[in-house]
Amino acid sequence: MTTRSALLVLADGRFPAGGHAHSGGAEAAVKAGRLRNAGDLEAFCRGRLHTTGLTTAGLAAAAALGADLHELDAAADARTPSPALRAAARRLGRQMMRAARTAWPGPELDRLAAAFPRGAHQPVVLGTAARSAGLGPEDAAHCVAYETVGGPATAAVRLLGLDPFQATAVLARLAPAMDEVASEAAERAALALVEGLDELPAASAPLLDLTAEQHAAWPVRLFAS
């Protein structure tokens with residue numbers, strides 16, 4: 001049975017899945033001078049949402065639909081060209097797995113944990129967690145869409161001293177785009193279960209990949225990615 005309360009729990013920034021330690025590329029963008037204020041933050045989040053956000057939302061939606069998890073994790077690898085981001089995705093997957101198995105214990109999460117002892121990609125785990133919580137593919141996609149922009153917005157408050165009211169206003173303005181991305185991701189995931197996983201979104205953000213590699217080499221940084 002679908003429960004909106006479970007969706008709120010899964011999307012809550014206080015859910016202990018490790019996302020608070022990651023800036024979604026915002027830290028590197030701040031250092032490069034591309035993210036300086038609320039306007040820059042909105043542009044950064046909008047671009048991230050329609051590229052990596054759409055891609056990861058599609059993966060999560062497919063997992064929530066019950067797609068083959070080995071094939072889905074391989075599809076996530078193929079869509080993550082940056083080694084630093086692949087490593088971050090698996091670290092986040094491990095943390096998400098711990099939280100999800102405590103919140104919604106069940107055989108599907110157990111099977112995923114056994115199949116990927118070093119961690120599956122985070123959206124694959126999130127989608128499986130959504131399925132275990134009785135949520136659907138669009139719910140899983142909404143969680144990903146929100147965290148895609150929520151992470152950088154929270155990071156910008158810490159990195160720039162940005163007014164948190166302004167950061168929240170950015171998220172509010174992006175709400176229609178989040179809905180659009182979640183809907184498209186769920187539709188593409190449903191098609192992928194019939195036509196094959198190549199139908200999943202594969203939108204890319206090369207600058208995020210490049211700066212992720214640079215960020216991983218910094219000797220001192222505030223965020224893990």
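What you see below is based on every heavy atom in this structure, not just the backbone, and it leaves out hydrogens, waters and symmetry mates.
The shortest distance between side-chain heavy atoms of V170 and L174 falls below 4.5 Å. By the 4.5 Å heavy-atom criterion applied to side chains, S204 and T55 are not counted as neighbours. Considering only heavy atoms from C-beta on, E27 comes within 4.5 Å of R221 through its side chain. Looking at heavy atoms from C-beta onward, L200 lies in side-chain contact with L197 at the 4.5 angstrom threshold. Between L49 and L54, the closest side-chain pair of non-hydrogen atoms is not below 4.5 Å. Taking 4.5 Å as the limit, some side-chain heavy atom of D179 sits within range of a side-chain heavy atom of H142. Proximity of V9 to W104: side-chain heavy atoms (C-beta onward) are separated by under 4.5 Å at one or more points. Annotation: side chain of M96 is not in contact with side chain of L109 (no heavy-atom distance under 4.5 Å).
Note on residues 166-178: pairs passing salt bridge (charged side-chain N to carboxylate O under 4.0 Å, His left out), not counting sequence neighbours, are E42-R173. The salt bridge (charged side-chain N to carboxylate O under 4.0 Å, His left out) pairs that include a residue from residues 195-211 number zero, where partners must be two or more places apart or lie in different chains. Legend: salt bridge (charged side-chain N to carboxylate O under 4.0 Å, His left out) pairs involving residues 97-110, not counting sequence neighbours, sorted by first then second residue: R101-D110, E108-R131. The salt bridge (charged side-chain N to carboxylate O under 4.0 Å, His left out) contacts involving residues 185-194 comprise E184-R188, where partners must be two or more places apart or lie in separate chains. Sorted by first then second residue, the ring-ring contact (aromatic ring centres under 6.0 Å, His included) pairs that include residues 109-140, not counting sequence neighbours, are H70-F116. Listed by first then second residue, pairs satisfying ring-ring contact (aromatic ring centres under 6.0 Å, His included) with a partner in residues 199-225 read H215-W218, not counting sequence neighbours.
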task = Would you sort out whether L126 and E147 count as a side chain to side chain contact (heavy atoms under 4.5 Å, CB included), showing the intermediate values?
result = CA-CA 11 Å; L126 187 151; E147 71 179 15; 3.9 Å; yes
query = Can H20 and T154 be said to form a side chain to side chain contact (heavy atoms under 4.5 Å, CB included), step by step?
reply = CA-CA 8 Å; H20 66 279; T154 301; over 6 Å; no
request  = Determine, step by step, whether Q122 and R94 satisfy the side chain to side chain contact (heavy atoms under 4.5 Å, CB included) criterion, reporting the C-alpha distance in whole Å, the side-chain angles of both residues, the deciding distance to 0.1 Å, and the verdict.
outcome  = CA-CA 8 Å; Q122 191 264 4; R94 289 195 297 271; over 6 Å; no
message = Using side chain to side chain contact (heavy atoms under 4.5 Å, CB included), reason through R90 and D77 one step at a time and then give a plain yes or no.
response = CA-CA 10 Å; R90 293 193 184 280; D77 245 8; 3.4 Å; yes
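Heavy-atom minimum distance, A61 versus A186: CB-CA, 4.0 Å. Heavy-atom minimum distance, A140 versus A60: CB-O, 3.8 Å. Scanning all heavy atoms of the two residues, the minimum distance from P164 to V157 falls at CA-CG2, 4.0 Å. Closest approach of A224 and R91 over heavy atoms only: O-NH2, 4.2 Å. Residue A182 comes nearest to E138 through the heavy atom pair O-CG, 4.1 Å, listed as atom of the first residue, atom of the second, then distance. Smallest separation of non-hydrogen atoms from P176 and A172: CD-O, 4.1 Å.
Grouping the Ile, Leu, Val, Met, Phe, Trp and Tyr side chains by contacts below 4.5 angstrom, directly or via other members, places V124 apart from L85. Both L41 and L222 are part of a single hydrophobic cluster, where members link through side-chain heavy atoms under 4.5 Å apart. Hydrophobic clustering (ILVMFWY, side-chain heavy atoms < 4.5 Å, transitive): L112 and L72 are in one cluster. Cluster annotation: V149 is not connected to L59 through the hydrophobic network of ILVMFWY side chains, with a link wherever side-chain heavy atoms come within less than 4.5 Å. There is a path of hydrophobic side-chain contacts, each under 4.5 Å, that joins M97 to V144.
L10 contributes atom CG, which lies 12.5 Å from atom OG of S5 (distance to the nearest 0.5 angstrom). In this structure, the separation between OH on Y146 and CG on D12 is 8.5 Å, given to the nearest 0.5 Å. Of the inter-residue distances, the one linking M178 atom CE with C45 atom SG reads 8.5 Å to the nearest 0.5 angstrom.
Not one N or O on the side chain of S82 forms a donor-acceptor pair closer than 3.5 Å with the backbone of A212.
The side chain to side chain contact (heavy atoms under 4.5 Å, CB included) search around N37 returns D40, not counting sequence neighbours. Evaluation of the side chain to side chain contact (heavy atoms under 4.5 Å, CB included) rule for L207 yields R34, T211 as partners, not counting sequence neighbours. Evaluation of the side chain to side chain contact (heavy atoms under 4.5 Å, CB included) rule for L208 yields F44, R48, T52, A205 as partners, not counting sequence neighbours. For A78, there are no side chain to side chain contact (heavy atoms under 4.5 Å, CB included) partners two or more places apart in sequence or in a different chain.
Apart from L191 itself, the hydrophobic cluster it occupies contains nothing, where clustering links Ile, Leu, Val, Met, Phe, Trp and Tyr at side-chain heavy-atom distances under 4.5 Å. Residue L193 is found in a hydrophobic cluster whose other members, listed by chain and number, are L65; membership requires side-chain heavy atoms under 4.5 Å apart, directly or through intermediates.
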